[in-house]
Amino acid sequence: MNKNNKLYIYNTIASSKELFKPIEGNRVLMYVCGITAYDLSHIGHARAYITFDIIYRYLKRLGYDVIYVRNFTDIDDKIIKRANEENTAVSSISAKYIDEYHKDMNALSVLPPTYEPRATETIKEMIDLIKGLIDKGHAYEKDGDVFFRVNSYKGYGKLSHKNIGELLAGARIPLNEEKENLLDFALWKRSKQGEPSWDSPWGKGRPGWHIECSAMSMKFLGETIDIHGGGSDLIFPHHENEIAQSESYTGKKFVNYWIHNGFVNINNEKMSKSLKNFITVRDLLERYHPEVIRLFFMFTHYRSFIDFSFEGLESAKHSLMRLYQAINLYKGFKDKVDKGNIKINYLNRETEEIKDFNNDFYDAMNDDFNTPSALSVIFNLVRKINKIINDSLLSGFINHNDLNFLDEALLFISLVSDIFGILKANPELFIETNLKDISKISLTEEEIQAFIEKRNMLRQKREYKMADEIRNMLLEKGVLLEDSNYGTTFKIIN
RNA sequence: GGCGGCAUAGCCAAGUGGUAAGGCAAAGGUCUGCAAAACCUUUAUACCUCGGUUCAAAUCCGAGUGCCGCCUCCA
């Protein structure tokens with residue numbers, strides 16, 4: 001762990017952590033590859049965009065002025081295929097799924113980037129880029145298709161740490177007669193019957209996939225940017241190709257820091273459409289609070305693959321509850337202090353210092369955004385908060401130093417919650433609503449309340465046996481009763 | 001076939017040279033008519049195996065085993 005208060009980022013191209021230094025002053029130029037809009041987003045997308053959301057939020061917290069671009073691929077084979085299947089326009093498919101994506105991201109509290117360009121809005125820039133590449137001998141046209149000449153770029157493979165020979169040996173792509181080299185990739189594709197197309201110097205056609213990110217990155221951020229991110233599956237060939245075409249065109253370094261998030265697996269296997277084991281964000285949001293999903297991902301470092309499981313989600317849910325309970329406990333406690341039910345004593349006593357937790361937290365985050373480690377700091381802090389409050393509740397006194405620590409601790413937690421995008425709900429409400437899902441059982445809320453009242457009458461008469469019978473009966477139906485000083489509440493169990 | 005990653009308690013998961021964070025679960029305690037909830041406390045002495053380097057290794061090096069990913073669209 002680094003103790004020098006500086007941010008280190010794991011750079012894929014260097015295969016190691018590097019000190020982060022922006023190109024210019026406090027400004028950070030960040031580009032993250034967005035989705036291809038042809039279907040609902042799945043939990044893999046959720047992980048990727050939550051990861052970069054936290055990076056975005058954290059960089060801003062460090063005082064950087066971040067210009068964040070995240071694109072939409074709205075022209076592509078899969079979208080065309082989907083449009084044909086549904087007998088509708090390509091643009092209506094992409095518009096629909098961009099809209100659905102926004103709904104999902106919004107629900108997950110993923111902040112909107114500074115710019116969200118679409119490929120089809122950047123055709124002109126792409127054509128200019130391709131023209132430039134042809135002029136410089138890095139690309140060639142063949143019957144309306146344009147390919148990038150991989151052999152013309154000597155650094156090819158530097159990101160994915162492969163060399164052209166290895167790639168050729170392992171290639172599984174069928175040989176395309178029109179290409180000079182198996183590894184050459186399409187910059188421009190001539191249009192086929194019934195496909196959307198744009199005019200170009202090479203006839204009607206549409207862009208290849210890789211060129212759009214180079215064009216959009218340059219359009220909004222310039223020729224060299226600080227951070228470029230995406231899922232680890234994009235390292236090859238997508239990002240490798242982006243580097244080749246961008247650097248061949250500008251003669252400058254394209255990206256300083258490459259950040260890639262690990263994959264989401266299900267039962268230890270990659271999630272994919274062909275295995276039919278993917279879970280949509282939409283489905284997950286029906287079962288879990290968005291903050292539970294965020295916390296679930298944060299419990300694993302962003303670069304590790306994560307094995308998705310409902311057990312893991314349940315665990316995250318209980319963890320989140322623990323955080324909310326502590327906030328709630330503090331609120332109730334402050335109320336008691338304000339009302340004079342807890343007396344403040346002004347003896348000088350050693351107490352915890354918030355700055356220790358603060359330092360540990362930033363050390364963790366500065367170490368390549370180590371959220372699991374940062375979370376452990378928060379849970380340690382929560383234990384201290386609970387302990388101080390419970391001790392005071394028993395004794396009726398709170399030391400003024402401890403009280404001050406509590407106030408600072410809660411302020412710190414609220415700052416952390418801005419970075420993580422959690423703990424934004426009303427604690428009392430969150431705890432209540434997350435435990436009550438009446439739809440799962442055969443009783444109505446009114447019926448349950450009636451039983452609770454009946455039982456409490458019996459309890460007042462000390463007829464505990466009958467009271468317990470009601471409690472057991474409700475438990476069999478999935479309703480668990482909880483008695484407290486404030487009355488009896490219930491929650492639904494599975 | 002080539003390249004790369006991972007292997008830490010019942011489960012999940014940090015830690016990458018100085019003697020094992022945290023979460024969930026479990027057990028004990030406080031509270032309660034009893035429970036539940038909440039909170040507190042406790043919970044790894046072979047960190048996959050074998051060998052090596054070092055005063056010191058989960059951490060570095062070598063070999064092996066197992067799992068996974070990339071080399072095809074993919075977050």
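Below, chains carry the letters A, B, ... as their sequence lines are ordered, and counting in each starts from 1.
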Looking at [N], I'd like to know if its phosphate oxygens (OP1 or OP2) sit under 4.0 Å from a side-chain N or O belonging to [X].
| X | N | result |
| --- | --- | --- |
| A/K317 | B/rG23 | no |
| A/R383 | B/rU41 | yes |
| A/N380 | B/rG22 | yes |
| A/N390 | B/rA38 | no |

All ring-ring contact (aromatic ring centres under 6.0 Å, His included) counterparts of [X], not counting sequence neighbours:
| X | answer |
| --- | --- |
| A/Y31 | A/H228 |
| A/Y101 | A/Y49, A/F72 |
| A/H210 | A/F185, A/H238 |

Expressed in whole Å, how much space separates the [atom1] atoms belonging to [N] and [M]?
| N | M | atom1 | result |
| --- | --- | --- | --- |
| B/rU41 | B/rA21 | P | 15 Å |
| B/rG62 | B/rG69 | C1' | 24 Å |
| B/rU32 | B/rG22 | C1' | 30 Å |
| B/rU42 | B/rA75 | P | 46 Å |
| B/rU19 | B/rG33 | P | 48 Å |
| B/rG23 | B/rG18 | C1' | 27 Å |
| B/rC67 | B/rU8 | C1' | 16 Å |

Atom-pair distance ([atom1] on [X]; [atom2] on [N]), nearest Å:
| X | N | atom1 | atom2 | value |
| --- | --- | --- | --- | --- |
| A/L323 | B/rG23 | CG | C1' | 10 Å |
| A/K270 | B/rC6 | NZ | P | 19 Å |
| A/I431 | B/rA38 | CD1 | C1' | 10 Å |
| A/D368 | B/rU16 | CG | C1' | 14 Å |
| A/Q325 | B/rC40 | CD | P | 11 Å |
| A/D307 | B/rU8 | CG | P | 13 Å |
| A/M298 | B/rG23 | CE | P | 16 Å |
| A/I13 | B/rC70 | CD1 | C1' | 17 Å |

Of all the choices, [options], which nucleotide is nearest to the side chain of [X] once you look at every atom?
| X | options | answer |
| --- | --- | --- |
| A/K162 | B/rA75, B/rC70, B/rA14 | B/rC70 |
| A/D367 | B/rG15, B/rA13, B/rA75 | B/rG15 |
| A/H45 | B/rA14, B/rC39, B/rA75 | B/rA75 |
| A/K78 | B/rC39, B/rC73, B/rA75 | B/rC73 |

| query | Does A/K96 come within less than 4.0 Å of A/E100, counting only side-chain N to carboxylate O? | reply | no

| Are any of the side-chain nitrogens in A/R190 or A/D145 under 4.0 Å away from the carboxylate oxygens of its partner? | yes

| request: Any chance you could encode RNA chain B as dot-bracket? Rule is Watson-Crick or G-U wobble with both distances under 3.5 Å; [ ] for pairs crossing earlier ones, | for another strand. | output: ((((((((.[[[..)..(...]]].(((((.......))))).....[[[[[..)....]]]]])))))))....

Could I get a table of every N or O pair under 3.5 Å where one atom is in the protein and the other is in nucleotides 33-36 of chain B?
from   : atom 1 : to     : atom 2 : distance (Å)
B/rG33 : O6     : A/R455 : NH2    : 3.4
B/rG33 : O6     : A/R459 : NE     : 3.1
B/rG33 : N1     : A/D468 : OD1    : 3.1
B/rG33 : N2     : A/D468 : OD2    : 2.7
B/rC34 : O2     : A/R471 : NH2    : 2.5
B/rC34 : N3     : A/R471 : NH1    : 2.8
B/rC34 : N3     : A/R471 : NH2    : 3.3
B/rC34 : N4     : A/D483 : OD2    : 3.1
B/rA35 : N6     : A/D483 : O      : 3.3
B/rA35 : N1     : A/D483 : N      : 3.2
B/rA35 : N1     : A/D483 : OD2    : 3.3
B/rA35 : N3     : A/R471 : NH1    : 3.0
B/rA36 : N1     : A/D483 : O      : 3.0

Which atom names give the shortest non-hydrogen contact between [X] and [Y], and what distance separates them?
| X | Y | result |
| --- | --- | --- |
| A/R294 | A/F420 | NE-O, 2.9 Å |
| A/S214 | A/E242 | OG-O, 3.5 Å |
| A/S392 | A/I342 | O-CD1, 3.8 Å |
| A/Y8 | A/L19 | CD2-N, 3.5 Å |
| A/F305 | A/T300 | O-CG2, 4.2 Å |

| message | Using the side-chain hydrogen bond (donor to acceptor under 3.5 Å, both in side chains) criterion, which residues pair with A/Y97? Sequence neighbours excluded. | response | A/R82

| said: Applying side-chain hydrogen bond (donor to acceptor under 3.5 Å, both in side chains), can you list everything that pairs with A/T12, at least two apart in sequence or on another chain? | reply: A/H260

Determine the contact category for [X]: base if any of its heavy atoms lies under 4.0 Å from a base atom, sugar-phosphate if only primed atoms, P, OP1 or OP2 are that close, otherwise nothing.
| X | answer |
| --- | --- |
| A/G230 | sugar-phosphate |
| A/F263 | base |
| A/G229 | nothing |

| Test item: A/E291 side-chain N/O and A/L423 main-chain N/O as donor-acceptor pair under 3.5 Å | yes

Please list, chain by chain and in numerical order, all residues satisfying side-chain contact (heavy atoms from CB on, under 4.5 Å) with [X], sequence neighbours excluded.
| X | result |
| --- | --- |
| A/D483 | A/R455, A/R459, A/R471, A/T488 |
| A/M466 | A/L458, A/E463 |
| A/P117 | A/V69, A/N71, A/Y115, A/M216, A/F220 |

| field | For RNA chain B, the residues among residues 109-118 of chain A that have a non-hydrogen atom under 4.0 Å from it | value | none

| query | Per the atom types in the model, does the base of B/rA13 pair as donor or acceptor with the side chain of A/H301 at under 3.5 Å? | reply | no

| said: Can you tell me whether the side chain of A/S376 and the base of B/rA21 have a donor-acceptor pair closer than 3.5 Å? | reply: yes

| request: Return the 5'-most residue of the pair A/Y302, A/H238 with respect to RNA chain B, ranking by each residue's nearest nucleotide. | output: A/Y302

| Does A/H161 or A/Y38 map to a spot on RNA chain B nearer the 5' end, using the closest nucleotide for each? | A/H161

| field | Close side-chain approach of A/I98 to A/R118, heavy-atom, < 4.5 Å | value | yes

Nucleotides 24-30 of chain B: which of its N/O atoms have a protein N/O under 3.5 Å away?
from   : atom 1 : to     : atom 2 : distance (Å)
B/rC24 : O4'    : A/S315 : OG     : 3.0

